[in-house]
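Taking it in order: structure first as structure tokens, then the write-up.
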Amino acid sequence: MDYEATQDVARNAGSGRPRKTTKQEDRRIVRSVANNRRISSPQILEENGITNISDRTTRRRIKEDGKFQSYWATKTPWISPGSRKERVA
């Protein structure tokens, strides 16, 4: 449908590119992250047996869900055994 016929600029239903993943696959991806926050996106694909999408798409699905934020794990300073004993005492 065009503007002259409808006088509407709204997007038509189904006029975008179809998704590569189903809603069930999206839930499995997010559940994998919930179970193990340190899992990588290629590991998620391997764990769930999903072969038709890239690891970038996996990261996109996690981000779309909105429950998990991307961050770098904090590195803690090395503490020698002697310093460790002093801290506890």
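Residue indices begin at 1 and follow the sequence shown. Just so you know, these numbers use all the heavy atoms, side chains as well, and skip hydrogens, waters and symmetry mates.
- Atom CD of Glu64 has more than 12 heavy atoms from other residues, nucleotides or ligands within 6.0 Å.
- Within the 4.5 Å cutoff, the side chain of Asp65 has no heavy atoms near those of the Ile29 side chain.
- Separation of atoms NZ (Lys20) and CG (Asn52) is listed at 5.0 Å; rounding is to 0.5 Å.
- Within the 4.5 Å cutoff, the side chain of Leu45 has heavy atoms near those of the Ile53 side chain.
- Side chains of Ser40 and Gln43: a donor on one and an acceptor on the other come within 3.5 Å.
- Legend: salt bridge (charged side-chain N to carboxylate O under 4.0 Å, His left out) pairs involving residues 22-45, not counting sequence neighbours, sorted by first then second residue: Arg19-Asp26, Asp26-Arg61.
- Between Asp8 and Tyr3 there is no side-chain heavy-atom pair separated by less than 4.5 Å.
- Side-chain contact between Thr58 and Thr21 is absent, with no heavy-atom pair separated by less than 4.5 Å.
- Here the OG-CD distance, from Ser32 to Glu46, works out to 11.5 Å after rounding to the nearest 0.5 Å.
- The salt bridge (charged side-chain N to carboxylate O under 4.0 Å, His left out) contacts involving residues 50-59 comprise Asp55-Arg59, where partners must be two or more places apart or lie in separate chains.
- Hydrophobic cluster membership of Trp72, counting Ile, Leu, Val, Met, Phe, Trp and Tyr whose side-chain heavy atoms lie under 4.5 Å apart directly or via other members: none, as it forms a cluster of its own.
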